[in-house]
Amino acid sequence: MTEPTRTAAPVLEIRDLRLELQAGSRRALPVLDGVSLRVGKGEIVGIVGESGSGKSVLSLAVLGLLPPAIRIAGGEILNKDGQFLNRLGENRLRRIRGKEIAMIFQDPMSSLNPGLTVGRQVAEVIRLHEACSRREAEERTVAMFRKVGLPRPESLLREYPHRLSGGMRQRVMIATAASCRPELLIADEPTTALDVTIQAQILQLMKKLREEDGTSVLLISHDLGLVSGICDRIAVMYAGRIVEQGTAAEVLRRPGHPYTAGLLASIPLPSKKGSKLTPIAGSVPALHERGAGCTFASRCGYATERCRREAPAYHRAGDSHIAACHLLAEEGGSAHAVR
Ligand code: SF4
């Protein structure tokens, strides 16, 4: 897959990644099909798609946390030093996780230990990756709590997770993830369980980490509206494939893929005030339902016989974005807006 734009020196580069699910003696089913993506230094990149699109399994592959039934069938995952993460052993990966690449999950309660104070949990992560005394780790934890906007950071050290609100727990998770100043923060639906005001605050916090520490962020979400306000670049995933990617401005203004256009039509954006929202009918095909043609064909208003028969290649859809759709080829790969 061609890169739509060259990013700054990448902190993460995924090249033509293919994942397969091997369930029992049945034939292996493709989970991800030729995914390529770069995240540049200090960039915020959004991965958007419905449930079942493959966006979360992609982040697990980056961290070497795939479930046993899913294997890497091809492609590479490289970090900023050009190390092939997919070839590293568990010990090396464990050192990279948390220190170089950190993850924030949707539900902080499932990631926080209910039996330990939040102060101790953050301090232990710091001590796991960096040589420092208990006291130094505690001081750094207080500083992190302050940085992520947690009130009364000193007394918060002794609190247990269940005593905090959902928004505060997510800030603790971000403090944990950012405590060793990782190059890349992967945030998988980090605001789904939070109300709208807190969602906005958490997104602002990610921007702040990028601005103050140069942290790159890979933001995974089903909500195109959410990523549209914060991301530099957007990759849209559908049925295990990136179907469109490019600068956020271009993808949002002039989508090249009917699926992206459908997502845009289904979300409220300030620019569309008063216009009707139209959800995309149907759902993402299950793994065993994905055939040779375009996986979006069953839901696409533009689908032709060719679409059902032949998977589309990537074509340029603008100065800085590409999409996988036959419509673009028919227009000579030039900019084509799908409405
Ligand atoms: Fe629709 Fe065909 Fe484009 Fe797929 S290739 S998105 S079915 S027009």
Side-chain angles (χ1 to χ4, degrees), residues 1-5 16-19 29-37 46-55 57-58 220-225 227-228 231 233-267 269 272 276-339:
M1 172 174 153
T2 19
E3 269 294 321
T5 43
D16 199 21
L17 185 67
R18 287 180 293 114
L19 300 183
L29 298 170
V31 175
L32 290 188
D33 180 15
V35 168
S36 295
L37 182 77
I47 301 188
V48 187
E50 292 163 280
S51 167
S53 61
K55 54 195 192 308
V57 81
L58 177 62
I220 296 169
S221 178
H222 66 282
D223 185 346
L224 184 54
V227 305
S228 67
C231 291
R233 290 191 304 118
I234 292 177
V236 180
M237 282 194 82
Y238 187 79
R241 199 175 180 204
I242 290 179
V243 294
E244 176 153 16
Q245 70 165 301
T247 59
E250 268 200 29
V251 170
L252 296 169
R253 196 176 57 238
R254 205 168 164 77
H257 196 281
Y259 179 57
T260 314
L263 288 178
L264 274 168
S266 65
I267 55 165
L269 286 173
K272 298 194 309 187
K276 204 166 140 245
L277 302 182
T278 324
I280 310 171
S283 55
V284 181
L287 295 183
H288 65 275
E289 293 170 342
R290 297 174 192 174
C294 173
T295 48
F296 189 57
S298 62
R299 303 171 77 188
C300 180
Y302 300 90
T304 62
E305 258 322 297
R306 183 186 179 198
C307 300
R308 286 180 252 282
R309 207 177 52 238
E310 187 188 319
Y314 290 100
H315 302 280
R316 198 153 280 282
D319 289 342
S320 64
H321 93 279
I322 55 171
C325 175
H326 291 312
L327 288 176
L328 292 165
E330 284 158 20
E331 299 206 351
S334 58
H336 173 98
V338 185
R339 299 184 200 287

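Just the heavy atoms: all of them, side chains too, but no hydrogens, waters or symmetry mates, feed the values below. Start at 1 and go down the list; that is how both ligands and their atoms are numbered. Predicted model, so just to flag it, every value in this text is computed and none were measured.
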Q. Side chain of Arg316, backbone of Asp319: donor and acceptor closer than 3.5 Å?
A.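 The answer is yes, because a donor-acceptor pair under 3.5 Å joins these two groups.
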Q: Mark yes or no for whether Tyr259, through its side chain, and Arg299, through its backbone, hold a donor-acceptor pair below 3.5 Å.
A: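 Flag not set: sc Tyr259 to bb Arg299 has no pair under 3.5 Å.
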Q. Among Glu50, Glu289, Met237, whose side-chain contact (heavy atoms from CB on, under 4.5 Å) with Val284 holds?
A.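 When side-chain contact (heavy atoms from CB on, under 4.5 Å) is applied between Val284 and each of Glu50, Glu289, Met237, only Glu50 qualifies.
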Q: Could you label the plane-to-plane angle of the Phe296 and His257 rings as parallel, tilted or perpendicular, counting under 30° as parallel and over 60° as perpendicular?
A: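 Taking His257 first and then Phe296, their aromatic rings sit tilted (interplane angle of 30° to 60°).
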(Q) Nearest 0.5 angstrom please: Thr260 OG1 to Leu224 CG, how far? (A)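 Nearest 0.5 Å value for the OG1-CG distance: 7.5 Å.
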Q) Can Ser36 and Asp16 be said to form a side-chain contact (heavy atoms from CB on, under 4.5 Å), step by step? A) CA-CA 5 Å; Ser36 295; Asp16 199 21; 4.2 Å; yes
Q.
With 2.8 Å as the threshold, which protein atoms of type N, O or S lie near atom 1 (Fe) of ligand 1? Leave waters out.
A.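 Hits for atom 1 (Fe) of ligand 1 below 2.8 Å: Cys300 SG.
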